[in-house]
Structure formats: C-alpha cells, structure tokens
Amino acid sequence: MDYAEMSLEQLQEELKKLKETLEEVEEEKFFVLGQSGFHVSGGKVKQYEQEISELQAKIKEVEKLIKEKSN
C-alpha cells in the first residue's frame, strides 16, 4: 500500500486501523503464550513478533506522513 498517495483523512483512518490491528495481535499473542500447559512453537512466536514489528513500522510511516501533511 502506498501511503504517500493517501489524503490526510485517509492516513488518519489507516493509522486508526493499524493501531487497532496491532492491539488485537498483541492481545492474541498474550493470550496464546499465556496458556499454561499449551505448547507454542518457536515459529508461532516469531510469527507474532514479525507481525507486530511490521505493524509498528507501518504505524511509524503513517504517523510521519500525517505530520508532514499536517504542516
């Protein structure tokens, strides 16, 4: 997705969606990893970490563009 092409309003909506998705993924990770007696593969843990990292990078990019377009 090319965020640079988006309007300020679209960026703000995208930021909201990304933050909600990040929160959901973090809650899911916490729930899954918090299950006692439930084995979680290392691959699944890395998958969560990668997804969270990608979302955080997208959030930073969108926040930067919002700041630029707001000036």
Side-chain angles (χ1 to χ4, degrees):
M1 183 175 296
D2 189 9
Y3 296 125
E5 306 269 326
M6 295 179 145
S7 70
L8 181 59
E9 293 79 20
Q10 289 172 317
L11 286 168
Q12 289 169 334
E13 186 61 33
E14 183 66 19
L15 180 61
K16 181 180 174 186
K17 289 179 189 175
L18 287 168
K19 286 184 174 184
E20 288 172 356
T21 302
L22 177 61
E23 188 176 317
E24 289 171 8
V25 171
E26 288 176 331
E27 285 176 7
E28 180 182 330
K29 176 188 170 194
F30 179 77
F31 179 76
V32 170
L33 298 181
Q35 295 285 328
S36 60
F38 183 73
H39 175 72
V40 179
S41 69
K44 187 66 174 172
V45 174
K46 284 184 181 182
Q47 181 182 347
Y48 278 124
E49 292 301 325
Q50 181 179 355
E51 191 172 355
I52 288 169
S53 178
E54 288 172 4
L55 285 166
Q56 289 171 332
K58 288 179 182 180
I59 287 169
K60 284 182 184 178
E61 180 183 353
V62 172
E63 286 176 334
K64 180 182 172 207
L65 288 167
I66 288 172
K67 186 176 181 180
E68 289 172 4
K69 290 188 182 223
S70 294
N71 292 334

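Along the sequence shown, residues are numbered consecutively beginning with 1. All values below come from the heavy atoms of this structure, side chains included, with hydrogens, waters and symmetry mates left out.
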Practice item. Dump the intermediate steps for side-chain hydrogen bond (donor to acceptor under 3.5 Å, both in side chains) on Gln50 and Glu54, then the final yes or no. Key: CA-CA 6 Å; Gln50 181 179 355; Glu54 288 172 4; 3.0 Å; yes
Check your understanding: Quick one: CG on Leu15 to CD on Gln12, what's the gap to the nearest 0.5 Å?
Key -> 8.0 Å
Which donor-acceptor pairs under 3.5 Å do the side chains of residues 16-32 make with protein atoms, sequence neighbours left out?
{"residue": "Thr21", "atom": "OG1", "partner": "Lys17", "partner atom": "O", "Å": "2.9"}
{"residue": "Glu28", "atom": "OE2", "partner": "Tyr48", "partner atom": "OH", "Å": "2.8"}
{"residue": "Lys29", "atom": "NZ", "partner": "Glu49", "partner atom": "OE2", "Å": "2.1"}

Review point. At their closest point, which heavy atom of Gln10 faces which heavy atom of Met6, and how far apart are they?
Key: OE1-CA, 3.3 Å
Study note, to complete from the structure: Value for CD (Glu14) from OG (Ser7), rounded to nearest 0.5 Å, stands at 11.0 Å
**Study point:** Interatomic spacing from CG in Leu11 to NZ in Lys67 - rounded to 0.5 Å
**Key:** 15.0 Å
**Study point:** salt bridge (Lys or Arg N to Asp or Glu O under 4.0 Å) partners of Lys58, counting only residues at least two apart
**Key:** none
**Study point:** Non-hydrogen atoms of Ser70 and Leu8 that approach each other most closely
**Key:** OG-CD1, 3.8 Å
Practice item. Please indicate whether Lys69 has more than 12 foreign heavy atoms, meaning atoms of other residues, nucleotides or ligands, lying under 6.0 Å from its NZ. Key: yes
